[in-house]
Amino acid sequence: MNESADRRSQRAARQLIESWQRAGVTHLKRMAPVPQPPVEEAPAIQPAAPVVSQPPEPSPVQRETQPVLEAGSPLPSAPAEIAPRDVVNETETPRKEMSVARTAKSKLTKAERQAELEIVAAKVAKCKKCPELASTRTQTVFGVGNPKAKIMFIGEAPGADEDKQGEPFVGRAGKLMDKIIEACQIKRSDIYIANILRCRPPGNRNPTNEEADNCRGFLDAQIEIVDPDYIVCWGSVAAKNLLHSELPIGKMRGQFYEYGRARVVCTYHPSYLLRNPSAKKNVWDDMIYLFADMGVDLKAQS
Ligand code: URA
């Protein structure tokens with residue numbers, strides 16, 4: 001290529017990049033090497049045409065990446081039962097109906113997130129989608145904690161204590177959860193805690209599918225606003241509903257799933273631990289696994 005052709009192609013490339021920037025593109029995917037056709041004759045005077053990649057679809061929002069996540073290793077694939085429908089790979093376009101993909105919420109300050117959560121909580125307080133729950137609850141139990149938490153805990157549904165106090169995980173199971181939180185060397189106020197349901201099912205029965213579906217929009221709104229890097233599903237009701245898996249909780253442990261942009265770990269519910277204390281070791285292993293992904297060695301701290 002002579003000098004002026006070289007300058008022209010540099011200018012064209014610069015203009016292309018500037019047009020992408022104006023369109024909001026800040027990052028380009030690394031291109032796979034483009035296979036060159038085997039050149040048989042006179043390669044020196046047949047320069048390959050410049051390969052211009054199509055700009056990628058701009059993400060709605062650039063994620064506030066944590067260094068540890070930037071360096072994250074690839075995730076193992078989810079079990080076949082849930083992979084195609086419910087586990088969204090970060091590189092895939094999220095399903096339309098899933099409202100937790102990267103959104104503008106990632107840019108909100110802590111105070112703005114708190115304000116948004118309060119708006120959703122006010123809607124929850126008025127919700128009567130599940131007539132039985134609405135007529136038996138003392139109050140709704142929305143969620144608690146850091147509106148900009150890196151880790152979000154998801155339980156099943158409020159019990160009697162939570163129904164009375166209006167806060168998740170304040171009863172016996174909650175006290176045990178507090179001990180687990182303390183053992184992880186973090187504070188309850190560092191994380192955000194919510195449930196699949198925001199009302200207590202009478203007699204602490206399991207939530208029905210319809211109730212979980214009715215409450216899903218509120219849960220997704222909380223996840224979207226808090227925008228956590230990690231979610232812990234405590235127990236099979238949380239895991240099953242968040243990830244639409246039918247696997248027993250024991251089979252869901254020990255690997256990461258993805259929900260929106262969060263990495264999800266599933267473990268036993270604290271109420272199960274109260275009945276089966278020997279499973280505490282498993283939960284501790286799950287915490288070690290989760291924190292190791294964040295670059296924190298809980299083993300070294302214990
Ligand atoms: N169990 C749960 O799953 N959630 C609570 O908030 C309390 C007990």
Side-chain angles (χ1 to χ4, degrees), residues 117 120-121 124-125 127 130 132-134 136-147 149 151-182 184 186-216 218-223 226 228 230-245 247-250 252-253 259 262 264-277 279-280 282-283 286-287 290:
L117 287 170
V120 183
V124 167
C127 179
C130 308
E132 188 189 13
L133 303 190
T136 54
R137 72 188 178 210
T138 305
Q139 59 190 312
T140 54
V141 180
F142 181 63
V144 73
N146 181 352
I151 307 175
M152 181 164 174
F153 283 3
I154 300 179
E156 180 178 325
D161 295 301
E162 290 76 21
D163 177 68
K164 251 189 233 131
Q165 296 182 43
E167 186 172 325
F169 284 103
V170 289
R172 276 186 75 216
K175 300 283 173 262
L176 179 52
M177 181 183 269
D178 286 347
K179 285 192 183 154
I180 298 168
I181 292 169
E182 198 183 322
C184 295
I186 54 172
K187 295 193 288 300
R188 192 172 156 105
S189 56
D190 291 328
I191 59 180
Y192 188 84
I193 309 177
N195 280 309
I196 294 296
L197 295 193
R198 269 127 215 81
C199 296
R200 179 191 182 206
N204 294 347
R205 64 161 170 74
N206 278 355
T208 65
N209 290 342
E210 193 185 351
E211 288 163 352
D213 287 349
N214 287 344
C215 226
R216 184 53 172 262
F218 297 132
L219 175 63
D220 278 344
Q222 287 170 293
I223 296 172
V226 176
Y230 293 92
I231 292 175
V232 181
C233 287
W234 293 90
S236 60
V237 170
K240 174 183 153 192
N241 280 289
L242 189 79
L243 301 171
H244 294 288
S245 166
L247 288 180
I249 186 70
M252 299 213 52
R253 295 180 50 243
Y259 190 73
V264 182
V265 173
C266 304
T267 193
Y268 294 117
H269 193 282
S271 301
Y272 176 81
L273 300 184
L274 291 171
R275 299 188 304 272
N276 301 278
K280 287 181 187 171
N282 300 113
V283 171
D286 296 335
M287 295 301 112
L290 164 68

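When a ligand or atom number is given, it counts from 1 through the structure's own listing order.
The backbone N or O of Asn282 sits less than 3.5 Å from a side-chain atom of Arg253, completing a donor-acceptor pair. No side-chain donor-acceptor contact under 3.5 Å links Asp163 to the backbone of Gly159.
For Ala157, a nitrogen or oxygen atom sits less than 3.5 Å from a nitrogen or oxygen atom of ligand 1, counting backbone and side chain alike. Annotation: Phe169 places an N or O atom under 3.5 Å from an N or O atom of ligand 1; distance criterion only. In terms of N/O distances under 3.5 Å, ligand 1 is approached by Glu156. The shortest N or O to N or O distance between His269 and ligand 1 is under 3.5 Å.
Aromatic rings from Tyr259 and His244 are positioned such that their centres are separated by 6.0 Å or more.
Annotation for ligand 1: atoms under 4.0 Å from non-hydrogen atoms of Pro168 are 6 (O). Ligand-side atoms of ligand 1 in range of Gly155: 3 (O), range being under 4.0 angstrom from any heavy atom.
Classification of Asp178 and Arg188 as a salt-bridged pair holds, one side-chain N sitting under 4.0 Å from a carboxylate O.
Here the heavy atom of the protein found nearest to atom 4 (N) of ligand 1 is Asn195 OD1, 2.8 Å.
In this structure, the side chains of Phe218 and Arg198 come closer than 4.5 Å at one or more pairs of heavy atoms. At least one side-chain heavy atom of Leu273 sits less than 4.5 Å from a side-chain heavy atom of Val283.
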